[in-house]
Amino acid sequence: MSLLAPKQTKFRKDHRGNRKGKDLRGSHVAFGDYGIQALEPAWITANQIEACRQTMSRHLEKNSKIWIRIFPHKPICKKPAETRMGRGKGDPVGWCAVVRPGRILFEMSGVDRTIAEKVQRLCNHRLPIKTRLRARLRLGGELK
């Protein structure tokens, strides 16, 4: 099992940043037929992304395809337990992806709507945010 992490970064530690606003890029289903869209801002860890990937691959058929549209670029830093205040920022302990509302997290193709809804519900249990299922828009404007 390999967790997602960048191969190298310019700096070991990162600012916390903010999670205000909506995601304008990556907010439409581009590759598959159905996508799982975030409705709240959050940091999604590499473990949570891997848990969703495993759930999707277990419950989808062999001829279906999965796209992971987020990647954990941001290091999570923590100080050890029972440590006094001060003495700088803690050491990196993991990686997370910054997700804002509207972002498509995962996409899938080769499945029908009922299976896609089941997979979205199961992935929702493994994520710290609310999500919804989005269908790809066809050229005529109707949903598939």
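The model shown is predicted, which means the values in this text are computed figures rather than measured ones. Just the heavy atoms: all of them, side chains too, but no hydrogens, waters or symmetry mates, feed the values below.
Using modelled atom types, no side-chain atom of R132 and backbone atom of A38 make a donor-acceptor pair closer than 3.5 Å. Panel note: side chain K13, backbone K89; a donor-acceptor pair is recorded below 3.5 Å. Without hydrogens or angle criteria, R100 side chain to K20 main chain gives a donor-acceptor distance under 3.5 Å.
Two different hydrophobic clusters hold I49 and W67 under the rule that ILVMFWY side chains link at heavy-atom gaps under 4.5 Å. Hydrophobic clustering, with ILVMFWY side chains joined whenever heavy atoms are under 4.5 angstrom apart, groups V111 together with I66. Under the 4.5 Å side-chain heavy-atom criterion for grouping Ile, Leu, Val, Met, Phe, Trp and Tyr, V98 is not connected to I129 through any hydrophobic cluster. F106 and I115 fall within the same hydrophobic cluster, defined by Ile, Leu, Val, Met, Phe, Trp and Tyr side-chain heavy atoms under 4.5 Å apart, directly or through other members. Residues Y34 and L39 do not share a hydrophobic cluster, clusters being chains of Ile/Leu/Val/Met/Phe/Trp/Tyr side chains in contact below 4.5 Å.
Nearest approach of G32 to S109, heavy atoms of both residues: CA-CB, 3.9 Å. When every heavy atom of M56 is checked against every heavy atom of E107, the shortest pair comes out as CE-O, 4.2 Å. Considering all non-hydrogen atoms of both residues, N63 and G110 come closest at OD1-O, 4.1 Å. Annotation for I104 and I70: closest pair O-CG2, 4.3 Å, computed over non-hydrogen atoms. Residues H125 and R121 come closest through the heavy atom pair CD2-O, 3.2 Å. Taking every heavy atom of both residues into account, G88 and K79 meet most closely at O-NZ, 2.6 Å.
Between the NE2 atom in H59 and the CG atom in L122 there is a gap of 5.0 Å [rounded to 0.5 Å]. Taken from OG1 in T55 to CD in Q120, the straight-line distance is 12.5 Å, to the nearest 0.5 Å. Taking CZ of R25 as the start and CZ of R103 as the end, the distance is 10.0 Å to the nearest 0.5 Å. Expressed to the nearest 0.5 Å, how far SG of C123 lies from NZ of K118 amounts to 12.0 Å. Rounding to the nearest 0.5 Å gives a distance of 14.5 Å between NZ of K130 and CD of Q37.
Between R69 and F31, the closest side-chain pair of non-hydrogen atoms falls below 4.5 Å. By the 4.5 Å heavy-atom criterion applied to side chains, M108 and S64 are not counted as neighbours. Residues W43 and P72 form no side-chain contact, since every pair of their non-hydrogen atoms from C-beta on lies 4.5 Å or further apart. Side-chain contact check for T131 versus L105: some heavy-atom pair is nearer than 4.5 Å. R12 is listed as a side-chain neighbour of D91, based on a closest heavy-atom distance under 4.5 Å.
Within 6.0 Å of NZ in K78 there are 12 or fewer heavy atoms belonging to other residues, nucleotides or ligands. Enclosure of atom NZ in K22 is not indicated, since only 12 or fewer non-hydrogen atoms of other residues, nucleotides or ligands lie within 6.0 angstrom.
Put simply, the residue from L4, T45, T9 that forms a side chain to side chain contact (heavy atoms under 4.5 Å, CB included) with W95 is T9.
With salt bridges taken as basic N to acidic carboxylate O contacts below 4.0 Å, none links D33 and R113.
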